[in-house]
Number of protein chains: 2
Amino acid sequence: MAPTTETLTAERILEATEEVLRRYGPAKATVVDVARSLGVSHGSVYRHFRTKAVLREAVTRRWLDRTTEVLAGIAAGDGDPETRLRDWLAALFAAKRRKAGGDPELFATYRVLAGEAGEAVGEHIGELIGQLAVIIRAGVDTGVFTSADPATTAAAVFHATDRFHDPCHAREWELPEIQGEFEAVVHLVVRGLRAA
Amino acid sequence: MAPTTETLTAERILEATEEVLRRYGPAKATVVDVARSLGVSHGSVYRHFRTKAVLREAVTRRWLDRTTEVLAGIAAGDGDPETRLRDWLAALFAAKRRKAGGDPELFATYRVLAGEAGEAVGEHIGELIGQLAVIIRAGVDTGVFTSADPATTAAAVFHATDRFHDPCHAREWELPEIQGEFEAVVHLVVRGLRAA
DNA sequence: CAGCTGACAGATATTGAAATCTGTCAGCTG
DNA sequence: CAGCTGACAGATTTCAATATCTGTCAGCTG
């Protein structure tokens, strides 16, 4: 498709793979398609990624990391912890909702990839819970939150809000009442964190 | 299969449909199979259920109602509301986990049916949230809980625990850490309900 | 005549042969 | 000689022919 003289790098292959996935979807995107779009033989792709699964997982990881970075900025902020927590949860929900609603096909594609990816998703969730733990610890330190074990509490906050970030609930994010439900859950969770 | 002299009733058709679904799964269970297992022609089945979709939804409703009944007993209890809430949530989670883990194929079958059913699932969820609202109102009345609007709060409690009852999370119910996660979320939610 | 049957039209699912893909590797090329 | 190619074996997917199913209804049966 686009025969270039440039060197074939892992980076260029990942870019091309993302493009092919966007165009053909997860079921029909093949390694041969990726090679074709780079103007090389598929054997060359296998030089950089041992298998198709490894290539796909690398694409998934990239995609997940983009979300992580944005939220890391909020978690590392220095404002009042309760506001930071609310902002973080709202940002996560908004990002997910935007992706799912804005380009449903691409979102569906990444949902399939995430289902295939072995470690990647678990690690991503671990990072997000780690960010929540930072916020909660900050709250405990300033005396606005209570928690015997911030890591466990962070996981609880993450799971209590699963409905608003786990892709398996994506269909429900279109419902008109979803924003109210989100606010009610956040209200309940924040109350549960407050120092007695 | 079992030609009986008994009258053909909606009840008997539902029973046979459940059996056929259990045996063949949701993809291969046909109206013809149901009729065959009752020893009648498929035209007779259509006399009681206008379409295959209506028949399947009726089966789904039956299945959902079995869960509702068990929990209604707990919700209507007269013990301390916090304990009642904990028991109710634990019973819901235990029931789901037992069904999903005990007979995964049957559970997968009902998951497909629930996905097809239009109103049925929404109504079922509405009933469960209604039961939670009863418990929360009891807690507000006795002064152990605080809630400006028990109906909204009940929905928030239900959604905060989605991870532990929504079938889309069924795979995670096998994880060893799930029980701890459940307890952490319940702890957080109960704290959020307590009167300040 | 109330309830059931079975043939039918259009929609959907199954099947198996042909096409394509994955992953490997010996050898070509710059 | 480092990096790429393209043919290959076995696995997977596609596609079109074939079979089955859904929903209807005129007519049979007890």
Side-chain angles (χ1 to χ4, degrees), chain A residues 1-60 105 108-109 112-113 115-118, chain B residues 1-60 105 108-109 111-113 115-118 120:
Chain A
M1 272 280 175
T4 320
T5 175
E6 233 178 306
T7 336
L8 187 61
T9 61
E11 186 61 24
R12 285 187 63 221
I13 293 174
L14 288 172
E15 222 111 84
T17 305
E18 233 170 283
E19 170 62 15
V20 167
L21 280 165
R22 188 172 289 122
R23 236 215 284 288
Y24 298 93
K28 297 209 275 185
T30 72
V31 175
V32 171
D33 289 329
V34 172
R36 195 174 13 245
S37 94
L38 286 163
V40 300
S41 85
H42 73 280
S44 301
V45 173
Y46 279 97
R47 174 161 300 279
H48 292 84
F49 296 92
R50 225 165 344 94
T51 66
K52 184 188 185 183
V54 166
L55 173 57
R56 284 180 167 228
E57 184 164 345
V59 170
T60 308
E105 297 211 2
T109 293
V112 172
L113 291 208
E116 294 169 359
Chain B
M1 272 282 171
T4 320
T5 175
E6 234 179 305
T7 336
L8 186 61
T9 61
E11 186 60 25
R12 285 187 60 222
I13 293 173
L14 289 172
E15 222 111 84
T17 305
E18 233 169 283
E19 170 61 17
V20 167
L21 280 165
R22 189 171 291 122
R23 234 214 290 285
Y24 299 94
K28 296 209 274 183
T30 72
V31 175
V32 170
D33 290 329
V34 173
R36 196 174 11 245
S37 94
L38 286 164
V40 299
S41 85
H42 73 281
S44 302
V45 174
Y46 280 98
R47 174 161 301 280
H48 291 85
F49 296 92
R50 228 167 335 97
T51 66
K52 184 189 185 182
V54 167
L55 172 57
R56 283 179 167 229
E57 184 164 343
V59 170
T60 308
E105 297 210 2
T109 293
R111 221 139 102 59
V112 172
L113 291 208
E116 294 169 359

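Nothing here was measured: the structure is a model prediction, and the numbers come from that model. Letters A, B, ... are given to chains in the order of the sequence lines, protein chains preceding strands, and every chain is numbered from 1.
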> What is the distance from CZ of R50(A) to C1' of dT24(C), rounded to the nearest Å?
Replying inline: 14 Å
>> Below 4.0 angstrom, which residues in residues 51-60 of chain A have at least one non-hydrogen atom near DNA chain C?
In response: T51(A), K52(A)
> If you write DNA chain D from 5' to 3' in dot-bracket form, with Watson-Crick or G-U pairs under 3.5 Å, [ ] for crossing pairs and | for pairs with another strand, what do you get?
Replying inline: ||||||||||||||||||||||||||||||
>> Heavy atoms from C-beta onward define the side chain here; which of dG23(C), dC21(C), dC21(D) lies closest to that of V32(B)?
In response: dC21(D)
>> Restricting to side-chain contact (heavy atoms from CB on, under 4.5 Å), what partner residues turn up for T51(A), sequence neighbours left out?
In response: A53(A), V54(A)
> For the pair made of CG in L8(B) and C1' in dG3(C), what is the distance, rounded to whole Å?
Replying inline: 10 Å
>> Can you build the contact string for nucleotides 6-16 of chain D? Use B for base contact, S for sugar-phosphate-only contact, and - for no protein heavy atom under 4.0 Å.
In response: BB------S--
>> List the residues meeting side-chain contact (heavy atoms from CB on, under 4.5 Å) with R111(B), not counting sequence neighbours, and say none if there are none.
In response: F107(B), P167(B), C168(B)
>> List the residues meeting side chain to side chain donor-acceptor pair (under 3.5 Å) with T30(A), not counting sequence neighbours, and say none if there are none.
In response: D33(A)
> Touch check for V31(B), heavy atoms < 4.0 angstrom, all strands: base, sugar-phosphate only, or nothing?
Replying inline: sugar-phosphate
>> Using a strict threshold of under 4.0 Å (side-chain N to carboxylate O), is an ion pair present between R12(B) and E15(B)?
In response: no
> In chain order, what residues pass the side-chain contact (heavy atoms from CB on, under 4.5 Å) check against E57(B), with sequence neighbours excluded?
Replying inline: R61(B), A117(B), E119(B), A120(B)
>> List the residues meeting side chain to side chain donor-acceptor pair (under 3.5 Å) with E11(B), not counting sequence neighbours, and say none if there are none.
In response: R62(B)
> Mind checking what makes side-chain contact (heavy atoms from CB on, under 4.5 Å) contact with R47(B), not counting sequence neighbours?
Replying inline: none
> Between atom CZ in F49(A) and atom C1' in dC4(D), what is the gap in whole Å?
Replying inline: 17 Å
